[in-house]
Amino acid sequence: MPFIVVALVAVLTADVLLLTQPGELAEPVATRTHPAPKQTLMAQQQPVPQQPQTAEPVAPLDKLHKPNLFVLTRKPFTNELLQKVAKLRGVRALELADAASVVLDDKRVQTLAVDPSTFRSYTPKVTASSDALWQNVAAGDVAVSFVLGNDGGLALHRQVAGPAGPLRIGAYATTGFGAVDAVVSKDVGRTLGLPHDNALIVSAPKTNSAQLRDDILEVLPKGTQVAMVNPVLPEPQKVTQNWPAGSFMTGEQLTTALQAAVSKLGRPYVWGAEGPATFDCSGLVQWAYGQAGVRMPRVTHQQWVTGPQVPYAQAQPGDLLFWRNDPTNPAYISHVAIYWGNGKMLHAPRTGDVVKIAPVSTRNLAGVVRVSPAAAAQVR
C-alpha cells in the first residue's frame, strides 16, 4: 500500500488567522555592509523606480531567520508582551507586522504591512535576496504572491485599485506564511487602515513548535491565535503510516466528486472563488469533493497533506496533482488539479481561463496525492 511520512501539525494556517480584521526584532538584524547579492530574475524583472525623498533605503540582507510561528492578537503588541515571548525557551528572533484582509482589484487579499529592511530576513531566500523587490516595497509598491500575480491576473507594474487609491504591483514575493498574498510597507499599511503591530513572526528553529505554541498562548491575552509555519517537531511525532484500502474515498465518492467537477466545465476562473459559479484551482477541488461528503481544506498547500503521495505512474482518477511553479518560493505548492485518467487532468487554470480538461503537464510537478477523507478532515 502507498505510504507517507506524516507530520501531525505541518500545515500552514495563516489564511485562517488573517481573516481577523481590525517592530523590533528580539535579535536585531545587523546593518553592516555586505556585497550586493546576485541579481535574481525578480530583481531583473522589477527595475528600481526613482525613490521619493521620504523613502528610506532598505538595509542589506543579513542572515536569514526561519519563521516557525505566526502569532495574531486582537490588540497591538506592547513591549511587555514582546518581552514575555522573547524570554520563552528557544525563541531566537521576533518580527512585528500589521495584518488584515484588504480589497485589491476587487479581490479580498490577506495582507501584511512590514518593515522591508527587517522582514525580508524571514522570507524564502530568493525573495529575501532581491534588493530591488524590497526597495520597491519601501517606495510604496505592493508585492503580491506569485499565485495571486500569475493566476489572479495582477501583472507586474500594473496599477490596481486599493482601499485608499491605486497601488502599483512592484514585485512577486511569496512570503511563505500560508495564504498571505500581499506585502506592503508600514507606511502604506497605515493608509490602508491596517491595525498596528497585531502580528508577530517567531523564529525558534531548535524548539518543538507545538510546545512553543502552547507556551505563547499561556503568556499572551485571551483571543490570541498562533499558527505553525515550518514547524519543528520531534522525531516521535513523525511516523510512517500504512494506509489500508478503507482509508480512501469509495468508488461512489470518487464518481460523485468527478461528476461534480466535470459539471463545471467552462465556468470562469476567479482568484479566491469557491463556487458554485466560479472557482480557483483549490476552490474547485474543495467544492467538488465536498459534493461527495469529503471535507477538504481550502488552499493548495493544505490539500497537499490530505493523503499519501503515490507515483504519477500509479495515479488513478480522483487523485490530486500538485505543482511547484513559484520562482519566489520554489518549495511552495502553488497549483492543484484533479486527475481525470489517461494522462488528462481537470482544473481551473488561471484568470482569463475556464475550468477545463487538459493534458497533464509534468513540468514542476510536485507529486500525486490519494485523498483520505479522514486525513483531509484533520487538516487545519
Just by modelled atom types, is the P76 backbone N or O under 3.5 Å from a matching donor or acceptor in the T73 side chain? no

Rounded to the nearest 0.5 Å, how far apart are CZ of F119 and CG of L112? 5.5 Å

For residues V160 and I169, determine if any side-chain heavy atom of one lies less than 4.5 Å from a side-chain heavy atom of the other. yes

Does CZ belonging to R190 count more than 12 external heavy atoms closer than 6.0 Å? yes

Should V354 and V262 be regarded as members of a common hydrophobic cluster, given that ILVMFWY residues are connected when their side-chain heavy atoms come within less than 4.5 Å of each other, either directly or indirectly? no

Check R120 with D131, please: is the shortest side-chain N to carboxylate O separation under 4.0 Å? yes

Nearest heavy-atom contact between G152 and K107 is O-CE, 3.3 Å

Shared hydrophobic cluster for L217 and V91 (ILVMFWY, side-chain gaps under 4.5 Å): yes

When rounded to the nearest 0.5 angstrom, what is the spacing between CD in E218 and CG in L220? 10.5 Å

S209 and N68 side chains, donor-acceptor separation under 3.5 Å: no

Examine the side chains of E95 and T118 and answer whether a donor and an acceptor come within less than 3.5 Å of each other. yes

Check this for me, if you would: do R298 and D280 make a salt bridge, where the nitrogen-to-carboxylate-oxygen distance has to be below 4.0 angstrom? yes

Within the structure provided, determine whether V219 and L88 are in side-chain contact (heavy-atom separation under 4.5 Å). yes

Do side-chain atoms of T306 reach the backbone of Q303 as a donor and acceptor pair under 3.5 angstrom? yes

Is the distance between the ring centroids of F322 and H335 under 6.0 Å? no

Sidechain-backbone polar pair: S117 side chain, A59 backbone, donor-acceptor under 3.5 Å: yes

Where do N325 and P327 come nearest, in terms of heavy atoms and distance? O-CD, 3.1 Å

Is the shortest heavy-atom distance from the side chain of V183 to the side chain of W134 under 4.5 Å? yes

For the atom pair CG (L254) and CE (M249), what is the distance rounded to the nearest 0.5 Å? 4.5 Å

Going by heavy atoms in the side chains, are P317 and L258 under 4.5 Å from each other? yes

When rounded to the nearest 0.5 angstrom, what distance separates CG in D181 from CZ in R108? 13.5 Å

Quick one: are L69 and V229 in side-chain contact, heavy atoms under 4.5 Å? no

Hey, are R158 and D105 close enough for a salt bridge, meaning a charged N less than 4.0 Å from a carboxylate O? yes

Determine whether V109 and S101 make a side-chain contact, defined as any pair of heavy atoms from C-beta on separated by less than 4.5 Å. no

Any side-chain heavy atom of V102 within less than 4.5 Å of one from L194? yes

Side chains of S185 and D187, donor plus acceptor under 3.5 Å: no

Show, in sequence, the C-alpha distance, side-chain angles and deciding distance for K186 and D115, and conclude whether the salt bridge (charged side-chain N to carboxylate O under 4.0 Å, His left out) test is met. CA-CA 6 Å; K186 288 264 191 174; D115 178 345; over 6 Å; no

How many angstroms lie between atom CD of Q225 and atom CG of L72, to the nearest 0.5 angstrom? 6.0 Å

Going by distance alone, is a donor N or O of one side chain under 3.5 Å from an acceptor N or O of the other, for S247 and S372? no

Can you tell whether the side chains of R267 and D353 come within less than 4.0 Å, N to carboxylate O? no

Pairwise distance CG(L154) to CG(L104) - rounded to 0.5 angstrom: 7.5 Å

Do the side chains of I216 and V202 get nearer than 4.5 Å, heavy atoms only? yes

Using modelled atom types only, decide if a donor and an acceptor are shared between the side chain of Y332 and the backbone of H301 within a distance under 3.5 Å. no

Does the side chain of R324 come under 3.5 Å of the side chain of S334 through a donor N or O and an acceptor N or O? no

Is there a donor in the side chain of T174 and an acceptor in the side chain of N329, or the other way round, less than 3.5 Å apart? no

Shortest non-hydrogen contact from C281 toward V336: CB-O, 3.5 Å

Is it true that the side chains of Q83 and N79 contain a donor and an acceptor less than 3.5 Å apart? no

Of all the heavy-atom pairs spanning K66 and S203, show the shortest one and how long it is. O-OG, 2.8 Å

D319 bridged to R370 by N-O distance under 4.0 Å: yes

Closest non-hydrogen atoms of P195 and D98, given as atom of the first, atom of the second and distance, are O-CB, 3.0 Å

